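Notes to accompany the following structure.
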Amino acid sequence: MSHIIVIRSYKPGDEINCKELVKTGVMSSLSSTFFGIVLKELTFQLMILFAAVMFIFFGLPLTVCILVIPLVIFLVYVGTYIGFTAKAMEVNEEVSNIPRIYMSNAFSCFWVAEAFEPYLMTHDPKNIHYTIMTEQQFRDSNIDISSQVKKIVGTVALCKSYRLDKGAWIKRLYVHEQYRRKGIASCLINVAVEFAIAEGYGCANIVASEYTEGGRELCFKKGFELQHMYHKPILGSLITILMYELTYQIKPGEDDFMPTVYTRSMLNK
């Protein structure tokens with residue numbers, strides 16, 4: 001067993017890798033968001049409006065007015081990039097304070113998915129099967145890792161919601177692009193939801209954008225339901241994206257989301 005993913009809680013020393021992964025995760029949806037905004041009806045309306053203003057009021061040639069199309073596209077990209085960069089900076093600040101925000105009380109936690117691989121990888125991670133386990137399972141297995149290197153390839157966090165009564169937020173769910181479609185995100189969600197169940201929360205909510213369809217579908221398969229939708233501004237009211245708030249309603253006495261309840265203490269054993 002030479003390729004393993006271990007799901008464990010955050011430890012001192014993880015900060016640098018988590019920052020890099022989370023930043024990459026935030027920026028990874030930049031392209032899909034940009035193209036989605038460009039193809040929206042509002043963007044086409046802006047192109048036509050600007051071209052008409054230039055042609056009618058300024059008397060510019062039609063060929064010059066057509067140049068407004070790439071100009072609008074460029075401005076949309078710049079605005080989207082600025083919005084994502086600001087979000088990445090915000091998340092980076094949060095990751096710098098993981099011990100205080102997520103690990104300083106019993107009602108929140110931050111987890112990572114850590115890959116153990118041979119020093120010399122001869123295949124792309126996309127083409128390799130990984131065995132996913134908890135840290136306790138990993139220790140019990142007594143697997144020899146002397147010839148392996150490890151790196152963080154996924155994150156997820158859960159914290160108390162101050163808006164929802166007895167509710168929790170699942171946040172910072174990211175998986176490295178090369179390690180997706182291997183069940184890592186599914187296991188990270190499992191751990192977060194089971195933690196919420198163990199700590200007595202009434203629900204666990206997560207937010208996904210209209211451009212992360214795969215993530216939404218995964219949550220629906222896990223039993224999440226659509227709570228509501230809203231438009232989140234990227235650059236004022238000109239550039240917005242549709243956000244989906246999904247909720248997992250925890251029933252009293254529920255303990256079958258996973259075969260084992262992975263609380264922080266179990267993950268740290």
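Predicted model only: the values in this text are computed from it and were never measured.
Annotation for Tyr211 and Ile37: closest pair OH-N, 3.5 Å, computed over non-hydrogen atoms. A pairwise comparison of heavy atoms in Cys159 and Lys171 identifies SG-CD, 3.8 Å as the closest pair. In this structure, Phe195 and Ala106 approach most closely via the heavy-atom pair CZ-O, 3.5 Å. Arg216 and Ala208 make their closest contact through CG-CB, 3.6 Å (heavy atoms, listed as atom of the first residue, atom of the second, distance). Closest approach of Ser209 to Ile241, counting heavy atoms only: CB-CD1, 4.1 Å. Between Glu177 and Lys126, the shortest heavy-atom contact is O-CE, 4.2 Å.
With Thr134 contributing its side chain and Gln137 its backbone, the two residues share a donor-acceptor pair below 3.5 Å. With Lys222 contributing its side chain and Val193 its backbone, the two residues share no donor-acceptor pair below 3.5 Å.
Ring geometry for Tyr248 versus Phe224: interplanar angle of 30 to 60°, hence tilted.
In this model, a donor atom of one side chain and an acceptor atom of the other lie less than 3.5 Å apart for Glu94 and Tyr102. Side-chain contact of Tyr130 with Glu117: a donor-acceptor pair under 3.5 Å is present, judged by distance alone.
Residues Met229 and Ile206 share a single hydrophobic cluster, defined by chaining ILVMFWY side chains whose heavy atoms lie under 4.5 Å apart. Each of Tyr81 and Met89 belongs to its own hydrophobic cluster when Ile, Leu, Val, Met, Phe, Trp and Tyr are linked at side-chain heavy-atom distances under 4.5 angstrom.
At a threshold of 4.5 Å between non-hydrogen side-chain atoms, the residues Tyr10 and Glu15 count as touching. In this structure the side chain of His176 never reaches within 4.5 angstrom of the side chain of Lys151, judged on heavy atoms. Between Cys18 and Phe110 the shortest side-chain heavy-atom distance falls below 4.5 Å. A heavy-atom distance below 4.5 Å is not found between the side chains of Asn92 and Lys23. Between Ser108 and Ile101 the shortest side-chain heavy-atom distance does not fall below 4.5 Å. Two residues are said to be in side-chain contact when any heavy atoms from C-beta on lie closer than 4.5 Å; Ile5 and Thr131 fail this criterion. At a threshold of 4.5 Å between non-hydrogen side-chain atoms, the residues Ile189 and Val156 do not count as touching. With contacts defined as side-chain heavy-atom distances shorter than 4.5 Å, the pair Pro118/His3 qualifies.
Around OH of Tyr230, the count of heavy atoms belonging to other residues, nucleotides or ligands within 6.0 Å exceeds 12. Counting non-hydrogen atoms of other residues, nucleotides and ligands closer than 6.0 Å to NZ of Lys19 gives a total above 12. The environment of Leu39 atom CG is dense: over 12 non-hydrogen atoms of other residues, nucleotides or ligands sit within 6.0 angstrom. Few gaps surround CE on Met27; more than 12 heavy atoms of other groups in view lie less than 6.0 Å from it. For Glu20, the CD atom counts as loosely surrounded, since its 6.0 Å shell holds 12 or fewer non-hydrogen atoms of other residues, nucleotides or ligands. Around atom CZ of Arg181, no more than 12 heavy atoms belonging to other residues, nucleotides or ligands sit under 6.0 Å away. Around the CD atom of Gln178, the shell of radius 6.0 Å holds more than 12 heavy atoms that belong to other residues, nucleotides or ligands.
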For a side chain to side chain contact (heavy atoms under 4.5 Å, CB included) check, start with the C-alpha distance between Val26 and Tyr174, then their side-chain angles and the critical distance, and finish with the verdict. CA-CA 8 Å; Val26 171; Tyr174 300 112; 3.3 Å; yes

Under the side chain to side chain contact (heavy atoms under 4.5 Å, CB included) criterion, do Thr33 and Glu210 qualify, and how do the steps go? CA-CA 8 Å; Thr33 302; Glu210 60 183 306; over 6 Å; no

Can Tyr201 and Leu158 be said to form a side chain to side chain contact (heavy atoms under 4.5 Å, CB included), step by step? CA-CA 11 Å; Tyr201 284 108; Leu158 182 138; 3.8 Å; yes

Test side chain to side chain contact (heavy atoms under 4.5 Å, CB included) on Met103 and Ser9 and set out the steps. CA-CA 9 Å; Met103 310 302 291; Ser9 56; 4.2 Å; yes

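Leu75 CG to Leu71 CG: the interatomic distance, rounded to the nearest 0.5 Å, is 4.5 Å. Here the straight-line distance linking atom CD1 of Ile16 with atom CG of Leu21 works out to 14.0 Å at 0.5 Å rounding. Here the straight-line distance linking atom OG1 of Thr155 with atom CG of Leu173 works out to 7.0 Å at 0.5 Å rounding. The CD atom of Glu114 lies 5.5 Å from the CD1 atom of Ile152; values are rounded to the nearest 0.5 Å. Annotation: the span from Ser31 atom OG to Tyr77 atom OH amounts to 6.5 Å, rounded to 0.5 Å. Within the model, atoms CD1 of Ile197 and SG of Cys203 stand 12.0 Å from one another, a figure rounded to the nearest 0.5 Å.
A salt bridge links Arg139 with Glu135; the closest basic N to acidic carboxylate O contact falls under 4.0 Å. Residues Lys87 and Glu90 are paired through a salt bridge, judged by an N-O separation under 4.0 Å between the basic side chain and the carboxylate.
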